[in-house]
Amino acid sequence: MIDVRLLRTQPDSVRAALARRAKPDVLEQADHALALDTRLRDITTERDAARARVNELSKQVAELRRAKLDAEAVMAESRALGDREKVLAEEYAQVEAVLRDVLLRIPNLPHDDVTQGMGSDDNQVVRGPEQLPAQFADHQRVPHWETGATLGILDSERAVKISGAMFTMQRGAGAALARALCQYALDRNADAYEEIRPPSLVTTATLTATGQLPKFADEAYSIERDDLWCIPTAEAPLTSLHAGEILDETSLPVRYMAFSPCFRREAGAAGRDTRGMLRSHEFDKVEILAVTTPEQAPAMLDEFVQRVTHLIADLGLPYRLLEICTGDLGQSHHRSFDVEVYAPGCDQWLEVSSVSWFSDYQARRGDIRLRRSGKKGTEFAHTLNASALAVPRVWAAIVENFRTADGSVVIPPVLHPYMRGLTVIRPPQSR
RNA sequence: GGAGAGGUGCCAGAGUGGCCGAAUGGGGCGCCCUGCUAAGGCGUUGUCCGUGUAAAGCGGACCGAGGGUUCAAAUCCCUCCCUCUCCGCCA
């Protein structure tokens, strides 16, 4: 949520920042919010004045009663004011609800350094190779779903039988590889990050804090009977870990990491990436997340980029780092980078991580604040997160990049400790 | 799922309609006292909204959440959530 007071006091600069997102309806929403805010403050003023008078009259009634005098006249005035107050309170609740809904749908203000752009085509490659297909051998040009089926490590058909389209299932060494990737990502960050095993089902409030609700409800699985949602990412429960709390400045930054399943309806992606493991309704991911002071945030963003890229680089996968432009920035994002891995078999750059800084946008929604020593009052914290490792796409990239001429897949050495001694996944006939 | 108990400030805990934003104790912070420590004395200690250039001040709200009754609600009524105990069920 953006700061409504900032919108109130500096509407022009807020509008200018929002305009950079190249989404025309956003400005209309901002203007709508501004109008609602004005109305709400008018109501507040009148309602508080009425309330103040009622409080005063109530004291008079008490005094009159104690003096054994008639209080009926005072009570009558108070009654009338009470009626007026009730009307105002109703309108207040109504306006507030609409304002809240509008505010929840207004995206975050992009950081000044984010490059201007209309969409994903304008994202800038910050680091890494422009794709050079020639350097890949023919035996690497086999899509992972083919290799996976041949090696018996991916059983998409049965996954579909069990759960329907866009679910996947790994078997044997393939299942071990998926789990190894999780373990690897967790172990690599355990030096500074507390491991959390969060719930996979969360409340509406939790999913609202991070920004998935209310605007992207269609993307999440809901469990209506119990008013719960399946998490689309561990970002949701991790961010709400400190919801409603006031953190001491000296305790920041706090760093968390979590393995979790992620559930996505992929409502807008019907027909896309239907084969293999590039897009599915359920996948595993290791997420890292930090809550910081505003000053700590930029350095934390750098730390996240470093950690994620090193993690990928040490697997031996070709990757590149992109800075997301204003037109492609997610709703909650203040600034973000994507890490993409090249998969030669399907000839695609696969997004395996998104590193994001949310400024105080999520913290305001989730009410995560910090207190500075010696200073009165509180302020909103900053949140950042990154996928440390999105399992299926990295799995796919490994199977494609490390496929050898005989159809085997060589396991990256950093994963050997987690593979029960297996270093190469060989075709059945040569085992 | 059934029965019972309970949710009050940083913590413990009092408060059953007005003088309660809330006793008391502990903790924290500040000052004083003491050679040091211990003990002690005095003071102070929440959040949010509106108003205000800001501070001060003023007004409002907050005793799990939401609604209701009343001139007036921490206190009475209703619904929900959560915690604890016992029973049942279960990994």
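Chain A is the first sequence line, chain B the second, and so forth, proteins listed ahead of strands; every chain is numbered from 1.
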message: On the nucleotide B:rG60, are OP1 or OP2 found under 4.0 Å from the side-chain N or O atoms that A:Asn55 carries?
response: yes
message: Can you confirm if the aromatic rings of A:His333 and A:Phe358 lie within a centre distance of less than 6.0 Å?
response: yes
- request: Kindly assign one of parallel, tilted or perpendicular to the pair A:Tyr221 and A:Phe263, based on the angle between their ring planes and the thresholds 30° and 60°.
  value: perpendicular
- prompt: Can you tell me if the side-chain N/O atoms of A:Arg371 get under 4.0 Å from OP1 or OP2 in B:rG46?
  reply: no
message: Is there a side-chain contact between A:Thr378 and the phosphate of B:rC48, meaning an N or O under 4.0 Å from OP1 or OP2?
response: yes
- prompt: Counting just side-chain N and O atoms, does A:Arg47 come under 4.0 Å of either OP1 or OP2 of B:rG59?
  reply: no
message: Taking any heavy-atom pair under 4.0 Å as a contact, classify A:Val74: base, sugar-phosphate, or nothing.
response: nothing
Neighbour count above 12 (heavy atom, 6.0 Å) for A:Glu157 CD: no
- request: Could you tell me whether A:Gly82 contacts a base, only the sugar-phosphate backbone, or nothing, with contacts defined as non-hydrogen atoms closer than 4.0 Å?
  value: nothing
query: Is the distance from OP1 or OP2 of B:rU70 to the nearest side-chain N or O of A:Arg65 less than 4.0 Å?
result: no
message: Measuring from the side chain of A:Thr44 (C-beta onward, heavy atoms only), which nucleotide among B:rC48, B:rC49, B:rU51 has the closest atom?
response: B:rC49
- line: Atom OH of A:Tyr92 and atom P of B:rG66 are separated, to the nearest Å, by 12 Å
query: Rounded to the Å, how far apart are A:Asp367 CG and B:rG46 P?
result: 18 Å
message: Below the 4.0 Å mark, does B:rA61 have OP1 or OP2 next to a side-chain nitrogen or oxygen of A:Arg51?
response: yes
message: Within 45 degrees of the ring normal and closer than 6.0 Å to the centroid, is that where the cationic atom of A:Arg47 sits relative to A:Tyr92?
response: yes
message: Categorize A:Arg8 for me: base, sugar-phosphate, or nothing, with a 4.0 angstrom heavy-atom threshold over every strand shown.
response: sugar-phosphate
